[in-house]
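A short worksheet on the structure shown next.
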Amino acid sequence: MGNAKYNGRLPEDPAILEKEIDGIGRYTAGAICSMAYGISTPIVDGNIHRLLTRLLAIHAPQTAPGTIKVLWQVAEQLVHRLPQGQGIAGDWNQALMELGSQVCKPVNPDCDACPLQKGCKAYMELSRATEPPSSSSEVCDICTPIPSTMAGSVIPSVTVFPMRKEKKASRVEEEVVGVVEWRGEQGRRWLLTKRPEKGLLAGLFEPPTTPVAASVSAEERLDASLATLSDLLDVSSTDLRKDITPRYIGSIPHIFSHINMTYHIQHLVITTTTPPPISASGQERNAVWLDESGVEHANVGTGVKKVWAEVYGSWGSFEARVKVANKPAKKAKKVDKDPVGGGKVVKKIMMPLMPRKAEL
Ligand code: SF4
């Protein structure tokens with residue numbers, strides 16, 4: 001981080017510090033300059049962000065450039081109104097952070113203990129009985145109206161601020177995962193490919209995986225999986241079909257933060273004399289045949305481990321799971337039926353002894 005240009009001492013100007021020193025952003029530059037050098041400069045961290053949005057009742061997207069700009073401007077105005085003196089800005093910045101983290105908390109803010117309560121717009125809006133909240137697009141350039149479900153004639157809680165982040169709806173996706181196992185005299189191998197270094201599950205290994213539409217049939221899913229396989233291996237799809245024994249294992253859900261995934265699992269066993277060579281296309285996708293040890297040490301995600309467990313019982317196990325056949329349903333106790341009404345016929349009825357003929 002040090003820079004020879006500054007003789008090992010960080011610049012005292014927050015703008016230069018942010019611009020010249022790698023890894024230092026606006027917040028860190030402000031914190032260093034105000035707390036270490038006593039420079040009158042603001043900071044806005046998460047706690048101060050929340051505190052200011054409540055003080056000013058700003059209902060605007062939290063990370064929007066307009067919101068960030070306004071909050072930094074306000075923080076700057078506040079810090080410049082402080083009496084000038086060594087260390088005052090640093091103490092002020094720390095006090096605001098502390099107030100945000102200890103009093104104006106994200107949940108259950110302690111407004112009764114807050115020294116800024118009288119000047120807090122969110123708190124004042126909360127206590128108004130008749131007027132609608134003023135934080136609306138009509139009176140503020142950056143604010144958006146508070147949803148009617150959250151606000152009636154008054155703000156229901158100061159926690160309406162800052163504006164809630166919109167949750168993106170998860171995408172629904174489906175993929176066929178082909179757990180490809182080669183079995184031969186040399187032992188067993190599994191075909192894995194490496195995902196691209198950027199994006200979802202970057203750089204992790206996985207069995208050949210093919211995206212499919214939700215509407216496709218089981219047969220079409222198998223076709224899609226075999227098409228991917230014939231692309232990864234240097235073998236014609238006709239030969240591949242001859243040498244492969246597919247077994248549909250099942251479909252499992254796997255939830256990512258933004259994707260609701262369904263994996264349709266195929267166990268594809270190849271029994272050629274040697275593992276089919278990887279094609280040029282397979283090499284581009286870093287496809288490899290791995291033995292047990294290679295598979296165990298491959299860097300894979302939890303989704304792959306779940307898929308593996310469906311085929312082999314658990315991650316690191318290599319014995320194909322045999323589904324226990326459903327036990328035959330217990331035979332119902334044989335019960336004599338009343339041929340007419342279908343009810344039980346009770347056979348053992350205590351009958352009085354019948355008089356013998358001689359006794360009559
Ligand atoms: S009065 Fe409540 S909402 Fe306003 S700044 Fe203080 S703790 Fe935060």
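Residues: numbered from 1 along the sequence shown. All values derive from a computational prediction rather than experimental measurement. When a ligand or atom number is given, it counts from 1 through the structure's own listing order.
Residue Trp289 is not grouped with residue Phe205 when hydrophobic side chains (ILVMFWY) are merged at heavy-atom distances under 4.5 angstrom, including chains of intermediate members.
Within the protein, the number of N, O or S atoms lying under 2.8 Å from atom 8 (Fe) of ligand 1 is 1.
Under the 3.5 Å distance criterion, with hydrogens and angles disregarded, no donor-acceptor pair is assigned to the side chains of Glu296 and Ser293.
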Atom pairs and distances, donor-acceptor, side-chain atoms in residues 95-107, under 3.5 Å, two or more places apart:
unit_1 : atom_1 : unit_2 : atom_2 : d
Ser101 : OG     : Met97  : O      : 3.4
Ser101 : OG     : Glu98  : O      : 3.2

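The minimum heavy-atom distance between Thr262 and Ser251, with the atom names listed, is CG2-CB, 4.2 Å.
Annotation: side-chain hydrogen bond (donor to acceptor under 3.5 Å, both in side chains) contacts of Tyr312 (sequence neighbours excluded): Glu181, Trp190, His267.
The ring-ring contact (aromatic ring centres under 6.0 Å, His included) pairs that include a residue from residues 64-99 number zero, where partners must be two or more places apart or lie in different chains.
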